[in-house]
Amino acid sequence: MAVQTLIEAVRSTLADEMRRDERIIVLGEDVGKKGGVFLATDGLFDEFGGERVLDTPLSESLIVGASIGAAINGLRPVPEIQFADFIFPAFNQILSEAARMRYRSNNSFACPMTIRAPYGGGVHGALYHSQSVEAFFAHIPGLKVVVPSTPYDTRGLLRSAIRDEDPVLFFEHKKMYRSVRGDVPDTDYTVPLGKAKVTREGRDVTVVGYGLMAHYALEAAELLESEGVSVEVVDLRTLRPLDGTTLLESVGKTGKCVVVYEDNRFGGFGAEIAAILAEEAFDRLDGPIVRVTGPDVPGVPYNHVLEDWFMPNPDRIADAVRRLAAY
Amino acid sequence: MAVQTLIEAVRSTLADEMRRDERIIVLGEDVGKKGGVFLATDGLFDEFGGERVLDTPLSESLIVGASIGAAINGLRPVPEIQFADFIFPAFNQILSEAARMRYRSNNSFACPMTIRAPYGGGVHGALYHSQSVEAFFAHIPGLKVVVPSTPYDTRGLLRSAIRDEDPVLFFEHKKMYRSVRGDVPDTDYTVPLGKAKVTREGRDVTVVGYGLMAHYALEAAELLESEGVSVEVVDLRTLRPLDGTTLLESVGKTGKCVVVYEDNRFGGFGAEIAAILAEEAFDRLDGPIVRVTGPDVPGVPYNHVLEDWFMPNPDRIADAVRRLAAY
Amino acid sequence: MAATRTESKAATEIGAELGLARDDLLEMYRLMVVARAVDERMWILNRAGKIPFVISGQGHEGAQVAVTYGLRKAHDWMVPYYRSVASLITFGMTPREIMLAQFAKGNDPSSGGRQMPGHYGMPERQILSLSSPVATQLLHATGIALAAKIRKTDQVAMTYLGEGSSNQGDFHEGLNFAGIHRLPVVYVVENNGYAISVPMALQSAVEDIAMRAAGYNMPGVVVDGSDVLACYRAGRDAIDRARAGEGPTLIEAKVTRLTAHSSDDQHTKYRTAEEIESEKGRDALPLFRDQLRSAGLLDEESEAAILEESRKVVEDSTDWAEAQPEPDPATAQRWVYADAPPARMDDELWTGARFAGDGGPFGTLAAEED
Amino acid sequence: MAATRTESKAATEIGAELGLARDDLLEMYRLMVVARAVDERMWILNRAGKIPFVISGQGHEGAQVAVTYGLRKAHDWMVPYYRSVASLITFGMTPREIMLAQFAKGNDPSSGGRQMPGHYGMPERQILSLSSPVATQLLHATGIALAAKIRKTDQVAMTYLGEGSSNQGDFHEGLNFAGIHRLPVVYVVENNGYAISVPMALQSAVEDIAMRAAGYNMPGVVVDGSDVLACYRAGRDAIDRARAGEGPTLIEAKVTRLTAHSSDDQHTKYRTAEEIESEKGRDALPLFRDQLRSAGLLDEESEAAILEESRKVVEDSTDWAEAQPEPDPATAQRWVYADAPPARMDDELWTGARFAGDGGPFGTLAAEED
Ligand SMILES: Cc1ncc(C[n+]2csc(CCOP(=O)(O)OP(=O)(O)O)c2C)c(N)n1
Ligand SMILES: Cc1ncc(C[n+]2csc(CCOP(=O)(O)OP(=O)(O)O)c2C)c(N)n1
Ligand SMILES: [Mg+2]
Ligand SMILES: [Mg+2]
């Protein structure tokens, strides 16, 4: 049992998996000698060499498109997109090709690959180094979308993603890379895709989140405990396929739900969570389904006073829960 | 007062606007001599010449990216993307550039342009000629998203879009191009962006839709009238900015809502509608918010038996409304 | 660049130089004849209202058969595009398999009736499934070649596209990467002068797409698509280079599109009657036939036999394919993933309305199946 | 291609041939000195913890000033990238305006503090706002040139990018379109040999990005970025061609990156100490200074005066910018659209929780402001 940061969990898992399965290659911008701009691939180039750890040209569509071909011809690519904000040049390859290969070929071909991308705000990254992009991908049938929030889950989920037979988007929150540490067993455990986790039990209100917001939800729950508000926290972990059972059971129990996401509010991923609850848990609801989200502006602004204005935080979550509990 | 099909409404409005404002150019694949694969630009090349009606290379990112530059330097581009399915190579230019230009420059620059794209299924187009892509764009702050359902609205909304100071996505349903006809005044009227329309008044259940589904909703309402179920139909017309007032007023009155969209269910645009209602109309809801949608498979399959399986239709809508009314 | 042509020697002589036996020459001709017959039948079926859509390769067959002929079946990879009918037949796809795609039957090996006609693919033949957005397949072929190099499989990947599609960003990104890593991939641009209605002058700043090869450190070969043996040489040389580890090649075959772009297109709107007529002179099929005739490889009899055989093949494949069962809608939700349900672990497929508790923990109403 | 250099004549002589007066030469030198001083100050501010991020252009100044010098201010268009400090100063952006971007102040003309430092833009100077995704700006410059041609404004658009960014699909699509329509646009690739840590050999199949120009029917000019007058000639010729309606040009200036990629990068991890040291020999600033000295345009005194002035300018712009007010968060939701609210016509901005009826028709609870 060792303690790792989230970035160490990513790095060590990539190394473990590459030792286990020589079909795995890592490719992307600066993933080689430099070890990635966040050092997520640090050391891999030295251990596995330039054929399995490829520095690509500055061409995201190529990174994904070539990964598709490599997967078709027997490899297990784990491409890195340097920032989630820069995944859009590859959007067509991901949506039209990787996600549809199995369905359109009636199961003749598939694209087992894990696309890693750092995402999220609160890091002075401004509009183009702070985005939460999960809503775009969680809407796409054929993709799986994972957002870990602890080093333990990161190792377990990244193993499951790499071993999965379908394309997985694996989003890592930049702010958690070094700020979040936790115990990780040295065993070859996995955390299954499609399984949410109740990270705190409570009676009054369910708070649903993922990634950094799953942590903020727990902090908000702490704040409210003293006030006698009992909060249950559900960390979704996988956005697609979604663990509807855990979600419905929790809200079925508490009757109230706050959905938290960092992305822009309108049409964000949490809207689907609210829609599911309004449709399937209606009989159990004792109050409106409340969303605490980023505002509807094109991106996280840079100056710290503007960035603070944008980011959801434990206080905002607590405020919403407080009012919903009193509803 | 003339009668036009939806495609005639598009074509005549483009011609009217180009006569009115010489800053307007139309560009895209096959929009020139051929007049577009659906003939939406037929005749424009002859009337306005090759400088204002440009056949571009097969390069969607260029079509949008050059339109951004042209808008910056004093033109009003109306690019056509031949099929909404092929808009994704331009996704980065639309999301990262066009949508953010005004915000990121603190209102120093803007991109007034209208991107037209035919969308939708039921036309034997299979996975790549049938997509509904509005959810991706309606989530993006800085874009406006319009989906007309009648020739009258098409003319009024297209005028508003072209005259708007911000980038507008204008989605036209292929199945409606020739099947939908209607009266259009010869006047220079506009239909404002951001205004929904109650296309049928009713007491029991509100059905919310747009595009082809707005028609199917009306057909379903007809079917149910004989059964004594009184259905109100809201045609959203503009998805972003959304007319929340009309939506909330209607559901506030009926207390029940069925949201209909053709796109894949999970994370589709209708999820936001359901989320808004669950959050802001909760006190008025007398039943779950029900969604009638396309299934969660990567696209509309080609063979007619498979396509029929995919497409929402008036019967499915009626079935949902019937059950909700009885709830 | 001047398009390479073979000199006016006898086909047999040239063939010999190229290592092509008389049987190879006849086989190439046969493949062209079969491809044309299958292709023409598609259009007849469309006009007869039996299939709603056709997109095919009439005018491209000479280049397709010849460039492809040097590949190793079921070892090398083919990454085709929608006009690749003759390439596919050359690589082993049968007329029956092609006709199943036209009728979109349940046992259509390309997609089980899920895709439009023209979207071919078969794993057992190492033919990759094709989508509609153009040029995306170049990156797949590039990645296949990357894997072949890393895994040392001695495979070559050949991919095909139109000249219009070579103006997509993916073309640039793919060729650059292949050039950097000297990948065993061959890019074949079938230049028929139009992207639907858009002529070369408005599509590309240069007349020869092959000129771009120099920017990616690979040979760019322009070849006359009506000269079958010149096309074979270009393909063979590129395949040899690739297999020898000498890297990728860009081949541009100047071909002609004898039909409208597709059954949805009226090309008279942007092509003159004269042009459409004169373009028939660039059809490789009669030209190659004449070559084989004057080389004494074909006579009235053998020619008639080939035609008769191809007619039979087309009859058989059409009737057989048409008689196959439609896909079963009950299977339509399958294969979104290998193992998981389409969107939620607790999912059934909801094409219709999902109610409070339908299939969920708080059931109050029963779901109706639709 | 061999990089064009100016011969070893006296700077004045060459200048005369190029139509550059002595004052022009001195002005170009002054612009380089000021740009370098401003640039160095950014890094000092970053190390001092006053600004969290720096990305800038040390080593690029000679090429940037010289290529840009021939543009018409407030008439032509500049579409910059994040290293364009010297280009921007040459085109009229003041050190104060640049420093406001570093401190991301409320009155920062580039973005009002909304974007990271390095994302410049000013409408009054016809400098287009820049984003982070690389190469997108090429298409904007191309569209600006298209509008200039259609509107007959006699404008030229000049855009800049790194060699790594030239491997994006947008590069291909933009240059092809500009070549087809002979647009008045100049593409300047500042090739410093690295895309962050990725060296040329892994970025591009060819050594000279300019080789790709031939594929777009435009001249591709390789120029030594440490030779200021050669860069001026390349820029001037391209601008003249563009304005004369002769079409676009691709200029590739071989420059050096004297710093790490950005303040977040440790380049020692992928560059040897020797390389970092020897690259200083390719710095245009001392080389041009020596040229002007030996041409008798600079002496101890005038040189010191220029340095002193630039020092003053940097002091002034830094102190002034630092003292400016932060942006007002109350303005943060503004300018998503010209007229409409951010997402809904009935919208307030909801950064926090929205409840049944908050601001809506069925109010039961009052909204708390957060
Ligand atoms: C990304 C994308 N945009 C548009 C289309 C629509 N489309 C299909 S084929 C075609 C023209 C292709 O021309 P070319 O590449 O020359 O091939 P050809 O059909 O002439 O053989 C177009 C525009 C598409 N399939 N994909
Ligand atoms: C589409 C995209 N992908 C990745 C990045 C991250 N990134 C920023 S600069 C850079 C390297 C650019 O190299 P080059 O174009 O040579 O310019 P240079 O920084 O060397 O001047 C990268 C990878 C980005 N900004 N945009
Ligand atoms: Mg073509
Ligand atoms: Mg560089």
Side-chain angles (χ1 to χ4, degrees), chain A residues 29-30 32-35 37 50 54-62 82-83 85-86 88-89 124-129 258 264-267 287-288 290-312 315-317 319-324 326-327, chain D residues 52-53 103-106 108 111-117 119 131-135 162 164-170 195-199 202-204 264-266 269-270 326-336 341-344 347 349-357 364-365 368 370:
Chain A
E29 296 153 9
D30 306 289
K33 267 193 189 169
K34 184 174 166 69
V37 295
L54 279 91
D55 271 325
T56 65
L58 187 27
S59 313
E60 282 76 13
S61 190
L62 173 279
Q82 197 162 74
F83 288 82
D85 312 66
F86 304 136
F88 301 114
H124 310 309
L127 278 76
Y128 299 97
H129 295 77
V258 173
N264 308 113
R265 177 191 194 79
F266 192 83
V290 176
R291 290 182 288 171
V292 178
T293 72
D296 286 310
V297 300
V300 183
Y302 176 70
N303 183 296
H304 60 91
V305 302
L306 302 179
E307 184 174 45
D308 294 343
W309 165 85
F310 185 103
M311 292 295 289
D315 290 338
R316 285 186 191 159
I317 297 168
D319 173 57
V321 174
R322 197 177 287 117
R323 294 161 63 202
L324 181 57
Y327 180 84
Chain D
F53 179 77
F103 288 104
K105 294 297 191 173
D108 155 31
S111 78
R114 290 174 171 192
Q115 292 217 73
M116 291 175 93
H119 293 59
S131 69
S132 300
V134 298
S165 303
S166 75
N167 301 310
Q168 284 281 340
D170 279 358
I196 303 187
S197 73
V198 183
L202 288 173
Q203 284 188 65
S204 166
D264 290 345
D265 176 43
Q266 286 76 37
K269 196 149 179 214
Y270 53 86
E326 303 293 340
D328 173 3
T331 66
Q333 88 173 75
R334 195 69 187 95
W335 304 127
V336 177
R344 291 162 49 176
D347 234 349
L349 190 67
W350 296 97
T351 57
R354 182 171 208 150
F355 270 76
T364 50
L365 294 158
E368 284 171 36
D370 31 21

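Here the structure is a predicted model, which is why all the values come from computation and not from measurement.
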Most contacts with chain D, counted as non-hydrogen pairs under 4.5 angstrom, among A/Val305, A/Asp55, A/Leu306: A/Leu306
For D/Phe53, which atoms come within 4.5 Å of any heavy atom of chain A: side chain, backbone, both, or neither? both
Identify the two heavy atoms, one from A/Phe83 and one from A/Val37, that lie closest to each other, and give their separation to 0.1 Å. CE1-CG2, 4.2 Å
Can you list everything that forms a side-chain hydrogen bond (donor to acceptor under 3.5 Å, both in side chains) with A/Lys33? Sequence neighbours excluded, please. none
Can you tell which of D/Gly112, D/Pro327, D/Ala195 has the highest number of heavy-atom pairs within less than 4.5 Å of chain A? D/Pro327
Which residues pass the side-chain hydrogen bond (donor to acceptor under 3.5 Å, both in side chains) test with D/His119, not counting sequence neighbours? D/Ser132
Could you give the distance from CD (D/Gln333) to CG (A/Asp296), rounded to the nearest 0.5 Å? 10.0 Å
For D/Asp265, is there an ion pair with A/Lys34 - N to carboxylate O distance below 4.0 angstrom? yes
Give, for atom CH2 of A/Trp309 and atom OG1 of D/Thr331, the distance between the pair rounded to the nearest 0.5 Å. 8.5 Å
Selection from D/Gln115, D/Met116, D/Glu326, D/Gln203 maximising heavy-atom pairs under 4.5 Å formed with chain A: D/Met116
A/Leu324, part contacting chain D, at a heavy-atom distance under 4.5 Å: both
Does any donor atom in the side chain of D/Ser111 or D/Asp108 lie under 3.5 Å from an acceptor atom in the other side chain? yes
Side chain, backbone, both or neither: which part of D/Asp170 has a non-hydrogen atom closer than 4.5 Å to chain A? neither
Side chain / backbone / both / neither for A/Glu60 at chain D, heavy atoms under 4.5 Å: both
Residue A/Ser59 versus chain D: region with a heavy atom under 4.5 Å: both
For the candidates A/His129, A/His124, A/Glu307, which exhibits the highest count of non-hydrogen atom pairs separated by less than 4.5 Å from chain D? A/His129
